[in-house]
Amino acid sequence: MVQSTTPTLTLKDYKSEVKPTWCPGCGDFGVLNATLRSMAALKLPVDQTVVVSGIGCSSRFPHFIRTFGFHSVHGRALPVAQGLKMARPDLTVIAVGGDGDFFSIGVGHLVHAALRNIDITAIVMDNETYGLTKGQTSPTSPHGHKTKSSPYGLLASQFNPVATALSLNVSFVARGYSARPKELAALIEQATLHRGFSFVHVLSPCPTFYNTFDAWDAAVTPLPEDHDPSSRLKALEYALDSEKQYIGLFYREERPTMERVTREVVEPREFRIDEYIQRYA
Amino acid sequence: MVQSTTPTLTLKDYKSEVKPTWCPGCGDFGVLNATLRSMAALKLPVDQTVVVSGIGCSSRFPHFIRTFGFHSVHGRALPVAQGLKMARPDLTVIAVGGDGDFFSIGVGHLVHAALRNIDITAIVMDNETYGLTKGQTSPTSPHGHKTKSSPYGLLASQFNPVATALSLNVSFVARGYSARPKELAALIEQATLHRGFSFVHVLSPCPTFYNTFDAWDAAVTPLPEDHDPSSRLKALEYALDSEKQYIGLFYREERPTMERVTREVVEPREFRIDEYIQRYA
Amino acid sequence: MENEVTIRIGGESGEGTISGGDILALASARWGYHVFTFRTFPAEILGGPCMFQVRISDRPVKSMGDYADVLICLNKEAYDRNIRDLRRGGVLVYDPGDFTPESDDFITYAVPFNELARKEVQLFQTKNMVMLGAIAGLFGPPLEALLQVVESRLSKSRKANPVLMEKNRLALDIAYRYVREKIEKRDPYQLSPVEKADRVVLNGNQAVVAGALAAGCGFFAGYPITPASDIMEAMAKELPQVGGTFLQAEDEMAALAAVLGASFGGVRAMTATSGPGFSLMTELIGLASMAELPAVIVDAQRAGPSTGMPTKMEQADLSFALYGGHGDTPRLIVAPANVADCYSLMGLAFNMADRYQMPVIFLTDQSLTARVESVDRSVFQPFTIEGRLEYGKVGSNGANGASSNGSKHEAATALAASFARYAYTASGISPMTIPGPGALPYSATGLEHNEHGHPDYEPEDHTAMMQKRFRKLETAAQELPQPEPYGDSNAEIGLIGWGSTEGAIQEAVDRARAKGYKVASLHLRILSPLPDRALRNFISSVKTIIVPECNYSGQLANLLGARYGLQPIRVNKFGGIPFTAGEILRAIEEVC
Amino acid sequence: MENEVTIRIGGESGEGTISGGDILALASARWGYHVFTFRTFPAEILGGPCMFQVRISDRPVKSMGDYADVLICLNKEAYDRNIRDLRRGGVLVYDPGDFTPESDDFITYAVPFNELARKEVQLFQTKNMVMLGAIAGLFGPPLEALLQVVESRLSKSRKANPVLMEKNRLALDIAYRYVREKIEKRDPYQLSPVEKADRVVLNGNQAVVAGALAAGCGFFAGYPITPASDIMEAMAKELPQVGGTFLQAEDEMAALAAVLGASFGGVRAMTATSGPGFSLMTELIGLASMAELPAVIVDAQRAGPSTGMPTKMEQADLSFALYGGHGDTPRLIVAPANVADCYSLMGLAFNMADRYQMPVIFLTDQSLTARVESVDRSVFQPFTIEGRLEYGKVGSNGANGASSNGSKHEAATALAASFARYAYTASGISPMTIPGPGALPYSATGLEHNEHGHPDYEPEDHTAMMQKRFRKLETAAQELPQPEPYGDSNAEIGLIGWGSTEGAIQEAVDRARAKGYKVASLHLRILSPLPDRALRNFISSVKTIIVPECNYSGQLANLLGARYGLQPIRVNKFGGIPFTAGEILRAIEEVC
Ligand SMILES: Cc1ncc(C[n+]2csc(CCOP(=O)(O)OP(=O)(O)O)c2C)c(N)n1
Ligand SMILES: Cc1ncc(C[n+]2csc(CCOP(=O)(O)OP(=O)(O)O)c2C)c(N)n1
Ligand code: SF4
Ligand code: SF4
Ligand SMILES: [Mg+2]
Ligand SMILES: [Mg+2]
């Protein structure tokens with residue numbers, strides 16, 4: 001994370017000239033707002049920040065932000081972001097996308113991002129559906145959910161992103177709600193500051209295909225004030241609560257980050273082909 | 001799982017005429033032996049059993065067994081097996097492979113197999129290395145491990161397969177050790193009988209590239225006799241033990257299996273194109 | 001008066017533009033007309049500009065038409081976007097409350113859609129009914145025909161209620177009477193009653209689903225992607241009703257892997273995807289070809305590369321379908337030219353997959369997926385379903401050891417050892433077995449193998465297996481239907497096309513012939529193996545060859561070059577929109 | 001006496017067959033000879049039959065040779081497997097304890113390898129040293145040269161110990177003396193001292209790594225796969241030493257995605273894989289092309305399709321490299337012909353990637369990855385490293401708002417809005433920026449976009465962007481080097497080849513010319529874009545064209561057909577083993 005010295009930036013300075021194509025009322029507006037806010041609060045330099053995404057409604061994100069952006073392909077935001085951060089540890093790298101992107105096609109990359117602990121921030125806008133392709137079930141859709149792709153009700157179990165992230169030992173795990181952009185902004189800010197892989201699960205409803213606003217308004221509960229974010233077991237308990245959707249910082253742990261450690265294993269020197277090729281003489 | 005009425009089958013009846021290409025002393029011999037044993041014990045009909053694999057030393061498995069086999073591509077054993085079982089619930093389907101296959105390139109499929117709970121049995125031969133490609137690190141290689149692909153020591157954390165399977169709510173989770181083929185055979189037998197997705201993690205050393213026999217001989221410990229396999233939390237605790245490698249049945253739960261439930265949602269009838277096309281008249 | 005009109009409706013998505021157009025198309029078809037639709041999709045999920053065009057004719061229609069004869073604008077933006085596609089001298093119908101058109105290149109009728117809906121019907125959401133009523137009053141489709149469709153749609157909808165239906169009826173009626181009373185007709189487009197015919201009205205994706213079900217498909221696995229998702233959704237609904245199973249996979253690799261698993265199990269299986277998902281399937285297509293497993297893979301082509309333009313058409317996956325995957329990998333490729341083909345060729349595709357034990361790639365495209373056509377009901381015949389070449393099953397006396405009767409398993413072991421799953425045969429097709437009582441087991445594998453399926457890297461064996469696998473394509477080239485040329489039998493100019501452009505090409509041929517040119521066309525429905533006989537005859541029968549394709553690089557032209565050394569005139573369009581017949585006609589005229 | 005000999009050693013893997021061969025090759029090269037090796041790999045991880053062949057000559061050698069002049073058999077199976085590749089009249093060296101050869105088509109020398117190792121040296125594992133000593137005694141490479149290599153190897157090994165070294169020395173010596181005393185030389189192969197030259201000895205993969213490092217590659221992500229893993233392993237070791245970073249990815253999609261991330265960050269980045277992994281990269285190659293990001297992708301071709309034969313060679317990924325991916329997707333393709341190319345063309349590949357902002361596919365193959373050649377040291381020059389076309393950086397006065405100086409961000413916003421990352425330029429190359437202080441941000445995207453990178457689906461824009469992207473290939477075709485024909489300047493027969501077959505082709509040309517045929521060849525190192533000028537000249541200068549390729553379908557021939565309507569004579573070999581010059585010579589003779 002690179003911090004700038006400029007004191008005057010506001011949310012507006014981070015907004016790009018591209019108008020979001022999201023439906024009116026889409027939860028992603030709140031997430032965008034919170035992200036811009038957190039960027040302003042941290043005064044991230046737009047020229048040294050990159051927002052990486054996959055494909056989906058939520059993955060349109062980079063186009064709406066005035067930093068660098070990389071709108072990649074479905075499911076691959078995390079490896080793109082990790083490659084970027086490994087090569088350019090000076091940049092702030094944020095990976096964003098939807099539940100389909102991160103938990104269906106891309107879930108394998110989540111596992112490995114957890115194991116590597118490269119310092120990137122992942123913001124997943126979970127609407128429990130595939131928005132862009134018009135409402136099929138996603139891994140986070142509830143069991144029994146009826147959609148065009150599950151006309152008899154979804155037969156698979158529901159994926160629990162926070163619990164999985166915790167069990168994979170992700171070094172920063174939080175959950176926010178797009179309808180609470182202030183708290184969300186604070187979480188994203190903390191996540192960006194965290195050195196290591198941070199995972200922010202955001203409840204971000206899709207009113208067009210699966211309106212979960214009311215349900216989440218009712219279920220969303222801040223984590224108890226006294227929750228100790230260094231206790232993974234306690235965090236897991238909250239994550240597994242089947243009634244409540246806790247929001248806040250579940251877990252945080254400082255661990256060495258790969259892009260740093262890899263630069264410490266050996267003292268680099270300039271490459272010279274004449275020296276190098278000598279080994280084959 | 002289909003059971004036969006023939007009472008006279010032995011391990012040898014399940015051995016194919018293809019001689020394993022494994023190195024002398026490879027742990028996979030023990031796993032093969034245990035699998036054949038379990039098949040004989042269950043009297044699985046060879047004509048109604050399919051062993052599916054990916055690519056790796058361990059994935060050569062199907063060629064050495066006299067049942068049907070499907071030696072697919074790297075990482076895809078689970079989806080192949082699930083498609084087969086969905087379409088042919090009458091068959092016994094066993095997916096096998098290595099730690100690279102199941103936890104690196106294929107780990108996304110593991111997550112979704114867990115959510116679906118289709119009645120297949122997965123046997124993962126974990127040697128904490130890539131055997132077939134000659135010894136690079138795998139997700140289960142320990143942190144710091146030096147190999148040709150990690151000359152300065154592995155920087156990523158070690159993946160914990162049993163803990164992850166438990167946290168993903170896999171309905172049958174067990175661990176065995178190839179050097180204890182009898183116990184392993186019993187576990188595979190139970191796994192095959194279990195209705196739902198069963199996951200058998202097998203410690204199966206690769207003496208050629210990463211000889212873990214001694215370490216595992218010391219670390220392997222049977223789960224306490226009184227372990228209650230219906231307690232996921234307790235199972236997780238054992239799985240997370242950093243000293244011991246517990247073997248035995250960690251967890252078991254009966255849940256509806258997708259290939260069954262999907263056949264109950266509606267009463268099927270014969271397809272007639274003339275009737276069907278009427279909707280567009 | 002012409003008994004044909006092409007009506008385009010431009011409006012805002014969500015305003016009923018598309019559903020209004022759908023109703024118009026369906027009603028016209030039921031009334032006895034041929035219809036052919038074309039539509040665009042907005043970039044936004046909700047809202048955004050969209051348009052629906054329907055060509056209505058008493059003769060069979062093959063393309064969307066060069067221009068709209070009638071343009072109905074539901075707002076000013078629709079006018080700005082669509083006016084360039086209105087024929088000179090065509091009819092513009094607009095709401096004078098929205099804007100005042102400026103050109104007098106066309107006839108204008110002002111109809112206050114908004115006011116009629118708001119003030120007269122007193123329900124703004126009936127605006128599209130107002131529009132339909134005006135269309136009925138101006139161009140002929142009878143109100144009753146429209147009303148019937150509206151009623152049957154509404155009755156199936158969750159919004160069904162008598163008040164709404166009454167309002168719809170009212171809106172249709174008021175607008176009908178309004179245009180009859182207030183507008184003096186100055187255009188030639190007037191549809192009059194024609195004889196009814198036995199047709200059904202559906203789009204390409206719906207026909208694909210019907211075809212798959214009729215072909216006995218028993219398993220579908222897929223992952224959502226535009227414009228293939230509705231195939232998946234329909235299969236999710238229909239398969240359980242016919243005893244089949246459905247799986248929404250976690251990605252396209254899992255989808256095709258699951259399909260191969262099911263196919264190994266002897267069940268006819270398919271997936272449907274579009275560009276990005278098709279790209280992800282590459283490795284598994286290679287596995288299917290190597291392990292010799294049947295599979296049908298629908299690729300609904302959209303404009304690429306990469307994510308490209310998901311809601312736009314392009315015919316740019318042919319090269320990839322042909323050569324996708326490392327190594328020399330035989331595969332079959334089928335491409336429907338129209339909605340009827342989407343049905344019939346699915347039947348063929350499943351038979352080809354089973355007969356040649358190979359993946360079949362079914363190349364439809366975005367325009368065809370959404371294109372609604374009226375199709376003779378007689379097209380939808382049951383298929384003759386071919387089985388695989390199965391290795392003679394061993395009787396229930398249990399020659400297969402561990403099967404129902406274990407006592408004879410030694411004999412069975414010997415028999416099993418002699419079962420050569422990948423036997424070198426003259427046709428290239430080897431007998432296979434399907435798991436089940438009495439079947440002889442084997443292992444399918446993506447490794448190179450000997451006749452028994454065991455891993456084998458000997459140069460001679462690899463060479464022989466490669467030849468065997470490709471021999472299946474030669475066999476298929478002999479057995480599969482050859483296309484017939486269309487047009488002048490003494491043509492000097494020949495067009496060769498593939499996929500959804502057939503109608504535009506044939507219309508261009510008709511129009512060129514009417515102008516005196518000697519033109520014919522050959523349309524390829526099977527791209528791998530190429531229909532060699534028909535192609536050689538056609539190529540040698542004409543002087544000049546034109547290959548029109550909706551792609552940049554001329555993918556069919558490249559294939560014909562590779563195969564026959566042909567260097568045709570390439571006519572390429574790559575804006576995401578299908579050819580019109582006029583564009584192809586111009587290409588013909590340029591040659592002459 | 002000929003100053004050239006091709007020696008093949010056949011044995012069991014793990015017995016030192018390969019390392020013995022390696023030592024022989026290296027020692028001969030250091031002694032001043034040119035060497036060229038070829039080896040096979042067993043299917044087993046440990047053990048299994050293997051062979052190593054080295055051609056040793058005082059003139060530059062281009063191919064592995066048609067036959068072995070000398071076959072050393074370390075066991076009976078090696079004899080059975082390899083005897084067919086021994087030249088008539090060649091020399092068979094065998095252990096009479098293993099078997100007794102039957103034919104008298106060749107000269108036989110019996111050397112009791114096993115006994116000498118076991119009884120005389122009293123250390124069985126020195127058997128390969130015994131073999132080397134015998135080779136020295138029989139065919140000329142001096143014992144000291146061998147000893148030097150053995151010593152330097154052993155000193156680097158973990159097994160280093162003086163006793164073992166002493167035993168090795170003894171083994172070499174004993175065998176040398178044995179053959180000198182006991183064997184009466186009846187063959188013509190005797191290498192005599194030649195002048196030393198400044199050469200290095202390495203294989204294709206090692207040269208690729210040297211090239212990547214010299215080209216300034218700063219990031220590598222990959223996933224293990226035969227025969228590309230050793231590139232990854234070397235990069236894992238070397239990159240941190242030069243300030244670069246390395247990532248072992250979870251799969252090939254992650255590998256290429258990470259490479260694109262690093263490349264977006266302005267760091268030269270690459271991956272290396274083989275068939276199955278290359279297939280999995282398809283979608284991301286499309287993204288790189290669409291988002292216009294540089295990337296170098298090494299595909300070490302192996303025999304396919306599917307998992308195929310991982311340790312065997314084939315040139316069967318060309319069509320896929322050309323057309324892999326949905327949609328029309330421009331990409332650059334480079335194929336090295338020899339070890340020197342593996343170095344030089346990597347430098348070119350990185351420059352091409354940056355200059356044309358496009359993925360570059362580097363098509364090596366299994367035989368080249370493992371082929372050891374002696375290469376003039378002068379080949380390994382530093383590269384001139386070209387940067388990307390970067391959009392003029394804004395000075396540190398902070399025209400870029402949120403950067404170091406925030407006060408002027410309004411001006412910066414305007415400037416940023418005017419920065420057209422994907423500007424339509426004459427060359428097709430648009431200026432880009434790299435994140436960092438003062439750089440103007442933009443979003444790279446796989447969606448179709450306008451000049452500013454914003455999503456855009458208008459037909460005109462898609463058309464213009466497609467043209468812009470492909471224009472880069474035209475620019476590249478103008479700028480990149482054209483190949484020179486080899487052989488007769490008035491040739492009637494022309495051979496066109498690509499990849500690792502160059503040496504065999506050129507040797508065949510030499511031999512055919514020596515027989516009086518008028519033959520020349522043109523070898524393509526850049527396959528996309530094709531070197532148009534050179535190809536047209538060559539094609540029009542000869543009467544008959546032969547395209548020899550190690551694949552089934554004639555992939556280069558197909559490309560030349562698609563592009564030039566060429567229908568060449570196709571000479572295809574597809575057993576997993578490279579061409580010999582003799583095979584190509586026969587094809588030439590058949591034409592004449
Ligand atoms: C490889 C591939 N498969 C499928 C698609 C189609 N697709 C686009 S977005 C998407 C999922 C969208 O869901 P999610 O990631 O949850 O994002 P949301 O739209 O809900 O924000 C899919 C399946 C694609 N673009 N690429
Ligand atoms: C797509 C793809 N990538 C890479 C490979 C190369 N490869 C073959 S096996 C393997 C991993 C082997 O490790 P594991 O799965 O642990 O099996 P093991 O050999 O250790 O039993 C790899 C990377 C491949 N065959 N396919
Ligand atoms: S479809 Fe849903 S997720 Fe997509 S923009 Fe609309 S409301 Fe948001
Ligand atoms: S390399 Fe390792 S895993 Fe593979 S066969 Fe040998 S011992 Fe077993
Ligand atoms: Mg979503
Ligand atoms: Mg392993």
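Numbers restart at 1 for each chain; the letters A, B, ... are given by sequence-line order, proteins then strands.
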Side chain from CB out, backbone as N, CA, C, O: work out which of these in [X] comes under 4.5 Å of a heavy atom of chain A, or both, or neither.
| X | value |
| --- | --- |
| D/F219 | side chain |
| D/F383 | neither |
| D/S374 | neither |
| D/L256 | neither |
| D/L239 | neither |

Under 3.5 Å, is there a donor-acceptor pair between the [X] and [Y] side chains?
| X | Y | answer |
| --- | --- | --- |
| A/H194 | A/S171 | yes |
| A/Y130 | A/S104 | yes |
| D/T329 | D/S289 | no |
| A/D99 | A/S138 | yes |

Portion of [X] that has a non-hydrogen atom of chain D nearer than 4.5 angstrom:
| X | value |
| --- | --- |
| A/Y276 | side chain |
| A/V73 | both |
| A/R272 | neither |
| A/R88 | side chain |
| A/S72 | both |
| A/A81 | neither |
| A/R263 | side chain |

Worksheet item: Looking only at atom types and distance, does a side-chain atom of A/S198 sit under 3.5 Å from a main-chain N or O of A/A191, one as donor and one as acceptor?
Response: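 Side chain of A/S198 to backbone of A/A191, a donor-acceptor pair under 3.5 Å: yes, one is there.
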
Worksheet item: What heavy-atom pair brings A/F68 and A/D47 nearest, and what distance separates the two atoms?
Response: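 It is CE1-O, 3.6 Å.
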
Worksheet entry | Ring-ring centroid check A/F102 A/F159, cutoff 6.0 Å |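 Ring centres of A/F159 and A/F102 not closer than 6.0 Å.
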
Worksheet item: So, for A/F172 and A/F199, is the gap between ring centers shorter than 6.0 Å?
Response: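 For A/F172 and A/F199, the ring centres are not under 6.0 Å apart.
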
Which residue out of [options] racks up the most heavy-atom pairs below 4.5 Å with chain A?
| options | answer |
| --- | --- |
| D/A291, D/P240, D/G211, D/A29 | D/P240 |
| D/E250, D/E283, D/Q206, D/M253 | D/E250 |
| D/P382, D/A221, D/P455 | D/P455 |
| D/R199, D/Q381, D/R30 | D/R30 |
| D/V201, D/D251, D/V267 | D/V201 |
| D/L247, D/L213, D/L260 | D/L213 |

Item to complete: Find the one option among A/M39, A/E259, A/Q278 whose heavy-atom pairs under 4.5 Å with chain D are most numerous.
Response: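 When all of A/M39, A/E259, A/Q278 are compared, A/Q278 has the most.
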
Discussion item. Can you tell me which of A/V50, A/V52, A/T21, A/V265 forms the most heavy-atom pairs within a distance under 4.5 Å of chain D?
Written reply: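 Of the options given, most contacts go to A/V50.
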
Item to complete: Quick one: list whatever passes side chain to side chain contact (heavy atoms under 4.5 Å, CB included) with A/E189, sequence neighbours left out.
Response: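 Counting only residues at least two positions away or on another chain, A/E189 forms a side chain to side chain contact (heavy atoms under 4.5 Å, CB included) with A/S38, A/A41, A/L42.
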
Look at the rings of [X] and [Y] and say which category their plane angle falls in: under 30° parallel, 30 to 60° tilted, over 60° perpendicular.
| X | Y | result |
| --- | --- | --- |
| D/Y422 | D/H449 | tilted |
| A/H63 | A/H71 | perpendicular |
| A/W22 | A/F64 | perpendicular |

Charged N-O contact under 4.0 Å between [X] and [Y]:
| X | Y | value |
| --- | --- | --- |
| A/E267 | A/R269 | no |
| D/D354 | D/R268 | yes |
| A/R279 | D/E238 | yes |

Fill in: Verdict with reasoning, D/Y442 to A/F70, per ring-ring contact (aromatic ring centres under 6.0 Å, His included)
CA-CA 8 Å; D/Y442 73 95; A/F70 191 150; 9.0 Å; no

Worksheet entry | chain D contact residues among residues 105-118 of chain A, heavy-atom distance under 4.5 Å |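 A/G108, A/H109, A/H112, A/R116, A/I118, listed by number.
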
